[in-house]
Undergrad: 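Sharing a structure with you now.
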Amino acid sequence: MPHWLLKSEPDVFGYPDLECVGREPWNGVRNYQARNNLRAMQVGELCLFYHSNAKPNGIAGVARVSVGAHPDNLQFDPLSDYYDPKSPPGDPRWSMVEVQPVRAFPRLLTLDDLRAMPEWQESPLTRRGTRLSVLPVTDTEFRSALSAVGLDADSL
DNA sequence: GCCAACGTTGGC
DNA sequence: GCCAACGTTGGC
């Protein structure tokens with residue numbers, strides 16, 4: 001099963017917020033590569049919830065795709081920061097999914113932690129200058145991240 | 001189709 | 001707050 005990583009700024013919406021609201025539309029993504037990843041996400045797939053622009057940055061929990069890709073509502077809302085007047089209504093340019101909380105990490109698995117893990121050396125996340133906000137995660141990366149904080153990927 | 005200018009992301 | 005990296009825009 002594919003896994004994913006979702007970036008969010010905890011000052012805006014962190015993993016605790018996801019637990020609080022129970023489910024959250026993942027909208028406002030305005031990058032084609034990230035969008036293509038959203039479109040590939042299937043219901044039930046698991047996502048690492050990553051805190052960016054934080055002190056410190058790192059993975060805070062696991063989320064699950066609860067609704068698959070569908071048109072992002074904000075692209076047609078003129079009052080939204082994410083309004084895209086050039087998106088054709090008959091062929092919406094941007095997509096969103098919905099996610100639900102699965103498990104909070106017992107501790108934040110920081111970017112520094114990840115950089116120190118052999119399993120994460122190839123991930124775009126640990127490379128400088130990667131701004132992609134929705135990215136695929138390999139099974140090895142996923143399992144090693146959970147195992148590093150004492151969680152078992154098979155018992156989620 | 002190229003590329004300079006600009007805006008944004010995101011680590012530090 | 002700074003700035004490197006990178007995506008997008010728009011003139012040509």
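Model, not experiment: these values are computed from the prediction. Worth knowing before you read on, the calculation uses all heavy atoms, side chains too, and leaves out hydrogens, waters and symmetry mates.
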Undergrad: Distance check needed: C/dG7 P versus A/N36 CG, whole Å only.
TA: 13 Å

Undergrad: Output the rounded distance in Å from CD (A/Q33) to P (C/dC6).
TA: 11 Å

Undergrad: Ignoring backbone atoms, test whether A/N57 places a side-chain nitrogen or oxygen under 4.0 Å from the OP1 or OP2 oxygen of B/dG11.
TA: yes

Undergrad: Reckon A/R128 has a side-chain N or O less than 4.0 Å from the OP1 or OP2 of C/dC3?
TA: no

Undergrad: Which whole-number value in Å describes the distance from A/H51 NE2 to B/dG11 P?
TA: 12 Å

Undergrad: Using whole Å, report how far CZ of A/R35 lies from C1' of C/dT8.
TA: 15 Å

Undergrad: Counting only side-chain N and O atoms of A/K7, is one of them less than 4.0 Å from OP1 or OP2 of B/dT9?
TA: no

Undergrad: Measure CG/A/D11 against P/B/dG10 and give the value in whole Å, please.
TA: 14 Å

Undergrad: How long is the line joining OH of A/Y32 and P of B/dT8, in whole Å?
TA: 16 Å

Undergrad: Provide, to the nearest angstrom, the distance between the CG atom belonging to A/L132 and the C1' atom belonging to B/dG10.
TA: 13 Å

Undergrad: Classify the nucleic acid contact of A/R30 as base, sugar-phosphate or nothing, counting any heavy atom under 4.0 Å across all strands shown.
TA: nothing

Undergrad: Rounded to the nearest angstrom, tell me the gap between atom NZ in A/K86 and atom P in C/dT8.
TA: 11 Å

Undergrad: Assess whether a salt bridge exists between A/D84 and A/R93, defined as any Lys/Arg side-chain N lying under 4.0 Å from an Asp/Glu carboxylate O.
TA: yes

Undergrad: May I ask you to decide whether A/R30 forms a salt bridge with A/D81, counting only side-chain N to carboxylate O separations under 4.0 Å?
TA: no

Undergrad: Is the count of non-hydrogen atoms from other residues, nucleotides or ligands lying under 6.0 Å from A/Q33 atom CD greater than 12?
TA: no

Undergrad: Do the ring centers of A/W4 and A/Y50 come within less than 6.0 Å of each other?
TA: no

